Structures are given as C-alpha cells and as structure tokens.
Amino acid sequence: MSDSNPSPKPDFIREIIANDLASGKHATTITRFPPEPNGYLHIGHAKAICLSFGIARENAATGARCHLRFDDTNPEKEETEYVESIKEDVKWLGFDWGEHLYFASDYFQFFYDCAVHLIQQGLAYVDDDSVEEMRAKRGNVNTPGTRSKWAERGVEENLDLFARMKAGEFKDGERVLRAKIDMASPNMNMRDPVLYRIMHAHHHNTGDAWCIYPMYDFAHPLEDAYEHITHSLCTLEFEDHRPLYDWFIGNCPVPSRPRQIEFSRLNLNYTVMSKRKLLQLVQEGKVSGWDDPRLPTLSGMRRRGYPPEALRSFVVGTGITKFKGITDIAVLEHEVRDFLNREAPRRMAVLDPVRVILENWSAEPLSHAVISNHPQNPDMGEREVPIGGEVYIERDDFMEDPPKKFFRLGPDRCVRLRGGHIIRCTGYEKDADGKISLVRAEILPGTVGKDAPEGVVCKAAIHWVDAATAVDAEVRLYDRLFKVEDPDDAEGGFVSVLNPDSLKTVTAKVEPTLADAAPGFSCQFERIGYFVADARHHQPGEKPVFNRTVPLKDSWAKRAS
RNA sequence: AGCCUCAUAGUGUAAUGGUAACACCACGGAUUCUGAUUCCGUUAUUCUAGGUUCGAAUCCUAGUGAGGCUACCA
C-alpha cells in the first residue's frame, strides 16, 4: 500500500497527542528528530523521522511542526560530514524542517546556566572522584550506592570549582559535575548522574569555546524544553531515563514542560542497524562506503533504488508500539516491489546471454518491435526496440531437455519473443564444456501482434535483446549482506557471517534505449527484477552500471528448487 | 537479585468490556505477449492459572517468558 502520503492508523502516541489537543493541554504539537551527527541515517531512523515529522504533518492545521536538531554534545564522536548527509537523507525521505534547524551546541550557555541553578539549589556538586571510584561507589542493581565525600561541598565552593572547570583549569577527567539525587535508587540513572565532563576537544560547531560538555541525560530535556517541544518521542532504551528527564524539567528554570514518550525501535532480520557495526563494515572495507547498496542506510537504499515512498509505507505499516519485535525484510521488499511495479517503466536486458540465430529472418524482417513501457499503464507509452536476425536470450530460457511444465524454448518448441514473432527452435550447438553456445530458430511469419496459429503451442513470451544493437552494461546483483537472520547474535562477531555472494557483477546485454539512462533511473528488467542506474559510477559515454533493487518474484524458480 | 517495560496466526500490527481482524510470508487456483502484476481461495492467533462481569485479548492478582538498566556515549 504505497502512498505518497500514508495516513497511519492511530497508535498509542497519536492517541496521547489527540487527547492533549482535545483537552486543551496543548494548542498544537511540536516534535523533534534529534540525531547525533556521528554516522549516517539508516532505515531505523526512518521510523523515528516518519513518526515525528509525520505527526507534525498530520496536525499541520493546528500549526504543528517538527524540528531537526543535531544532538552534538560529544565533540569526540561528531563530524560535519554527518550533518550534511543527515540533512540530505531527511529531505530525500520527503520531510522538511523549514526554519527549524537547531544544534544542541547552540544551547551550551543555557545548559551551563541551568547547571549553575542546580548548584545554587544544592542539587548539584563537583565530584573529584575518578571514573573507577565513581563506578565502585555506584553499587549495582542489587546494592545501593554510597555518596561521594565531595557531595558535602558547600554551594560557594561548587560554584567556584564549576566556574574553574569551565575556565579550563583542570585536565580531562579530573572532575565532573553531578546531580545530587539518590544513590540508593533502584533506577541506576538516578544515582547522582554526571551532568558535565571535562573534554579539551575541538567541537565542529563551537570550536574551542568550551572545554566542558553536558551529558545526554542532562542536555536532552533542556533542549526539548528550550524549543518548547510538547512530545519528545524516543526509543525504548530511554524508558529508565524518563524519571531523570522529568527531574531535570522539574528542577531547572525551563520555559516549557515537554513529555517524553518511548516506542520500540525498528528491527529487521538479516540486518545490522547499530552505527558502531555499520562503521566497522565501512572502515574494514567490507562494503564500499556508507552508501553501499547492501547497507540499510538511507543513502545505501537510495543508491539501491528503494523509493522513499516505499520506505515510508513500510515504516508506517510496521506501526508504533512498545513491543520489541523483529520485522521480516520481506515486508520492506514487498513495499519496494509494490511501488516500483506501478511506477517503473519496463525495459529488456539479458543477464546471461545466449545467441539465437533466426534462420528465416528474411521471410518477414522487422526493423524494430513496438513494446509497451508498462502494460498496465498505457499512459506511459510505447517504445521502439530494434531487432534483427540475431538476438540474445536468457540462458535459463532454453533447455536442452525441458521438463513437463517448462513453457519456454527447447528443441522443436515454440516461444514468443516479447513484442515480436513466435519462434521455433530448430537446433542448437554446444561448446567443449557442454554449455549451450548457440541456438538456431525460425520465425513464424504473421505472428507479430497475433495469437499463436492453430496447432502451435506457445505458452510463454520471453525477453530478448537485438545482437546487432545491444549495449554492454555492468549489472550488479545485490543480495542480503548476512547469511543469518540475526547477525547481532552471531558467534565470533557479525562480520563472520557476511554473505560472500552478497554482490555479483555480470556484464549484461541491454536494449539500446538504456545506453544513456540518467543516474537514478529506475526500471523493471522484464522477467528479471527492478534495477536502477547507479548514481555514483555511471558517467555519460561510459558503460552504464545498473544496481539490482530487488528481484521479481519467480514462482517457476521456486518450484524447481 | 532489584527496578522498569512488554506479551494477539510463522512475522508485524488492529480490535479501548460486546462476532478476534488486516498486511507480509507460505500453499493452492483463475487470468496473463513479463512463470511478474491482477483476481479468488486455504492453513493458522489472544503466554499460563485464578478472579471481577450477563459477557474479558481488553480490568484485577499471581506466575511464566522476553527485553532494558550498573559510560565522564547518545
């Protein structure tokens, strides 16, 4: 059910929002998508994007909006390159943040002021303990922690020390600012969490202006409040952080009171979604880059030819819940096929060519065949495909000794060349290896555009390419990157279960209309699959490169196997 | 072990105290100048045990199972 404007069924989050609007708690809804610029966006992010931006779009009548905010509070992991790619990917997915592009790093002074406020309230203190000491005193899930002795410091001393942390008087790791909450809390996040750490690092946005940086738990609720976010939607792993989120909202001088709501992240089988692992695949050269068509990154899927409409339909279709399930990749592929089947023009290409000589071609020669660009959609018009007395057909479409239910070519059998004649096989040749090297056939005059004459059994139409005008193309056949359903659980690491056949490259014969296909041009190679002209490698005048988006379903192959 | 969260066909999601449904997958069949598409059909579902109620997937209690939490990451 691909739709350029999918309207999702109400889920529990949309229900909360509808109630807040109905009760007058909020006049409108302001959401946000807050990626950390430390990697490329992937299909999992698409879920968060479609949710938060989708809610803004659905409530546009009330003035709703969705902010794009870069959560760049850790200078060690973040890069400008990622900022640009994220903006591009969000746009490509079909969403627009308008004027509302923000950086958490623009709020550093605000965070600092809030921290000072907490110190003044006696709710935060500078701790001199080392990482190890802090870890030891934190306790564990079964035993309460013990408070650092530094928590006894007075407000003035804390204020002074914190100012000196900011001024750069201390080295990395020497001190931190902590909230004073509850070292015995069963929720580990409440055991005096760190608010600020010292990092003498260059920040992509603020340069060297700061040497103390706020932690996520502290910064995020403040960012949301600062932007007057009404509903802050995040994934399930932040559930335990919500009490802390609310604590900061309640104890800091903030201009609004956002509400955090958690939902389940997207999980796909045969797929890794963790940024760390994606980065590893890129860095170790297991894939060609962040936009490798085998990757679940948005840029990879774009290059693979997955239309944004299909991604949106998929993500909306999987729904929003708190249940942590694993979605079958087949659902995504279905959405891709569903969209492409309607939108992609048809073309012909032969991936594994066998030459066919039409021995009586002169009996009724054609200069070209007229073929519909989309049989179910005549509006897409027709094209003329050159043809002559010698064509290539797919190796699979000829069988020396065909089984009963095989409908295509074999000795003395008939088949139709799509848009052209019905032909009858009159002979074939094999090379030294026993491989079919040539097929001989005759055309049946008078069969172009006509049903098979009496007495002729012709149960299939196959694709072909004219030998004289065929264009060589590099065709990349992508398959799933992993051999196992759950690479995350693979023993010996997920890299050990990479599928060695995830990329096969063949030189194919394609119809001449494909010679100068524009980068990103999507079409269906009839009877084979959906393909897209590669955006990165195809230059005009060079051999065109096509990436396989997704194969067509093939019930014959399934039956045979 | 403590706290938090979740549990509906194989998979994902609906049903908000009143006939358990939709999509994907799988398997059949019809149509087809793509063994695609389209169309029709088949199989199969409320974790367990109690309780409340005329009536429970839904509310309550207990149990079971799964996931998350013990970074100066986000």
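Everything numeric here is computed off the predicted structure, so don't read it as measured data.
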Q) Do any side-chain nitrogens or oxygens of A/Arg138 fall under 4.0 Å of OP1 or OP2 in B/C72? A) yes
Q: Under 4.0 Å between any heavy atoms, over every strand shown, what does A/Phe525 touch: base, sugar-phosphate, or nothing? Just pick one.
A: nothing
Q: Look at the side-chain N and O atoms of A/Thr321 and state whether any lies under 4.0 Å from the OP1 or OP2 oxygen of B/U13.
A: yes
(Q) Categorize A/Gly173 for me: base, sugar-phosphate, or nothing, with a 4.0 angstrom heavy-atom threshold over every strand shown. (A) base
Q. Between B/A9 and B/C4, how far is it from one C1' atom to the other, in whole Å?
A. 30 Å
Q | Closest nucleotide among B/C72, B/C24, B/G2 to the A/Met134 side chain | A | B/C72
Q. With a non-hydrogen cut-off below 4.0 angstrom, is A/Gln376 in contact with a base, only sugar-phosphate, or nothing?
A. base
(Q) Between A/Phe525 and A/Phe546, is the ring centroid distance below 6.0 Å? (A) yes
Q. Is A/Glu15 side chain donor-acceptor paired with the B/U16 base, going by distance under 3.5 Å alone?
A. yes
Q.
Looking at the base of B/A74, is there any donor atom on it, or on the side chain of A/Glu78, that sits under 3.5 Å from an acceptor on the other one?
A. no
**Q.** Aromatic centroids of A/Phe248 and A/Phe218 separated by under 6.0 Å
**A.** yes
Q | Note: A/Asp554-A/Arg527 ion pair, threshold 4.0 Å (strictly below) | A | no
Q: Determine the Euclidean distance between corresponding P atoms of B/U52 and B/U45; express it in Å to zero decimal places.
A: 28 Å
Q: Would you please indicate if the ring centroids of A/Tyr226 and A/Tyr102 are separated by under 6.0 Å?
A: no
Q | 5' priority, RNA chain B, between A/Lys459 and A/Pro35 [closest heavy atom] | A | A/Lys459
Q: Quickly work out the A/Arg265 CZ to B/G12 C1' distance and round it to whole Å.
A: 17 Å
Q. Rounded to the nearest Å, what distance is computed from the CG atom of residue A/Asp489 to the C1' atom of nucleotide B/A66?
A. 13 Å
Q | Side-chain N or O of A/Ser130 closer than 4.0 Å to phosphate OP1/OP2 of B/C72 | A | no
Q) In whole angstroms, how far is the C1' atom of B/A1 from the CG atom of A/Asn140? A) 9 Å
**Q.** Rounded interatomic separation in angstrom, taking CD from A/Gln524 and C1' from B/A36
**A.** 6 Å
Q) Looking only at side-chain N and O atoms, does A/Arg416 come under 4.0 Å of OP1 or OP2 in B/U34? A) no
Q: Would you mind telling me which of B/A74, B/G35, B/A14 lies closest to the side-chain atoms of A/Asp11?
A: B/A14
Q. Out of B/A74, B/A1, B/C25, which nucleotide sits closest to the side chain of A/Met215?
A. B/A74
Q | Who pairs with B/U46 - Watson-Crick or G-U, where each distance is under 3.5 Å | A | none
**Q.** Under 3.5 Å donor-acceptor pair, A/Arg135 side-chain atoms to B/U70 base atoms
**A.** no
**Q.** Rounded distance in Å between the C1' positions of B/A56 and B/U46
**A.** 11 Å
Q) With sugar-phosphate meaning primed atoms plus P, OP1 and OP2, does A/Asp554 contact a base, only sugar-phosphate, or nothing at under 4.0 Å between heavy atoms? A) sugar-phosphate
Q) Looking at the angle O4'-C1'-N9-C4 for a purine or O4'-C1'-N1-C2 for a pyrimidine, is B/A57 syn or anti, with syn meaning within 90° of 0? A) anti
(Q) Whole angstroms only, please: what is the CH2-P distance between A/Trp464 and B/C33? (A) 18 Å
Q.
Here's a test of your reading of the structure: between A/Ala557 and A/Tyr196, which maps to the more 5' nucleotide of RNA chain B?
A. A/Ala557
Q. What nucleic acid atoms does A/Pro214 come within less than 4.0 Å of, heavy atoms only: base, sugar-phosphate, or nothing?
A. sugar-phosphate
Q: Answer yes if the ring centres of A/Tyr216 and A/Phe238 are under 6.0 angstrom apart, and no otherwise.
A: yes
Q. Of all the nucleotides listed (B/A74, B/U5, B/G35), which has the minimum atom distance to the side chain of A/Arg408?
A. B/G35
Q: Quick one: label A/Tyr213 by what it contacts on the DNA or RNA (base, sugar-phosphate, nothing), any heavy atom closer than 4.0 Å.
A: nothing
Q.
Using atom P in both nucleotides, what's the gap between B/C25 and B/C60 to the nearest angstrom?
A. 37 Å
(Q) Considering every strand and a 4.0 Å limit on heavy-atom distances, what is the contact class for A/Phe407: base, sugar-phosphate, or nothing? (A) base
(Q) Is A/Lys553 close enough to B/C25 that one of its side-chain N or O atoms is under 4.0 Å from OP1 or OP2 there? (A) yes
Q: Can you tell me the pairing partner of B/C24 across any strand shown, Watson-Crick or G-U wobble, with both distances under 3.5 angstrom?
A: B/G10
Q. Just checking A/Asn74: base, sugar-phosphate only, or nothing, at a heavy-atom cut-off of under 4.0 Å?
A. sugar-phosphate
**Q.** P atoms of B/A71 and B/A66, separation to the nearest Å
**A.** 24 Å
**Q.** A/His204 versus A/Glu79, side-chain donor and acceptor atoms under 3.5 Å
**A.** no
Q: Determine the contact category for A/Val131: base if any of its heavy atoms lies under 4.0 Å from a base atom, sugar-phosphate if only primed atoms, P, OP1 or OP2 are that close, otherwise nothing.
A: base
Q: Mind telling me whether A/Tyr112 and A/Phe162 have parallel, tilted or perpendicular rings, with 30° and 60° as the class edges?
A: parallel
Q: Write down the distance between CG (A/Asn267) and P (B/G68), rounded to a whole number of angstrom.
A: 11 Å
Q. Between B/A26 and A/Lys558, is there an OP1 or OP2 to side-chain N/O distance shorter than 4.0 Å?
A. yes
Q) When you compare B/G12 with B/U48, how far apart are their C1' atoms, in angstrom units rounded to a whole number? A) 24 Å
Q | Nearest-angstrom distance, C1' atom, B/C59 to B/U16 | A | 11 Å
Q: Using the C1' atom on both, measure B/A7 against B/A57 and round to a whole Å.
A: 11 Å
Q) Hey, does A/Asp129 reach any base, or is it just sugar-phosphate, or nothing, if we go heavy atoms under 4.0 Å? A) base
Q) Quick one: do A/Asp192 and A/Arg147 make a salt bridge, cutoff under 4.0 Å? A) yes
Q) Of the nucleotides B/G67, B/U37, B/A74, which one has an atom closest to the side chain of A/Glu36? A) B/A74
Q: Under 4.0 Å between any heavy atoms, over every strand shown, what does A/Gly419 touch: base, sugar-phosphate, or nothing? Just pick one.
A: base
Q: Assign A/His220 to base, sugar-phosphate, or nothing according to its heavy-atom contacts below 4.0 angstrom with the strands shown.
A: nothing
**Q.** Distance-only donor-acceptor test (3.5 Å): side chain A/Asp240, base B/G68
**A.** yes
(Q) Please classify the nucleic acid contact of A/Thr73 as base, sugar-phosphate, or nothing, using heavy-atom distances under 4.0 Å. (A) sugar-phosphate
Q: For A/Ile326, answer base if it contacts any base atom (sugar-phosphate contacts may also be present), sugar-phosphate if it contacts only those atoms, and nothing otherwise; contact means non-hydrogen atoms under 4.0 Å.
A: sugar-phosphate
Q. Under 4.0 Å: is that the gap between some side-chain N or O of A/Arg527 and OP1 or OP2 of B/G35?
A. yes
Q: Provide, to the nearest angstrom, the distance between the CE atom belonging to A/Met199 and the C1' atom belonging to B/C73.
A: 9 Å
Q: Look at the rings of A/Tyr245 and A/His220 and say which category their plane angle falls in: under 30° parallel, 30 to 60° tilted, over 60° perpendicular.
A: tilted
(Q) Measure CD1/A/Ile13 against P/B/U13 and give the value in whole Å, please. (A) 13 Å
Q: Give the nucleotide from the list B/G35, B/C33, B/A74 with an atom nearest to the side chain of A/Ala461.
A: B/C33
Q: Just compare B/G2, B/C25, B/C73 and give me whichever is closest to any side-chain atom of A/His334.
A: B/C25
Q | Distance-only polar pair, side chains of A/Tyr392 and A/Asp466, donor-acceptor under 3.5 Å | A | no
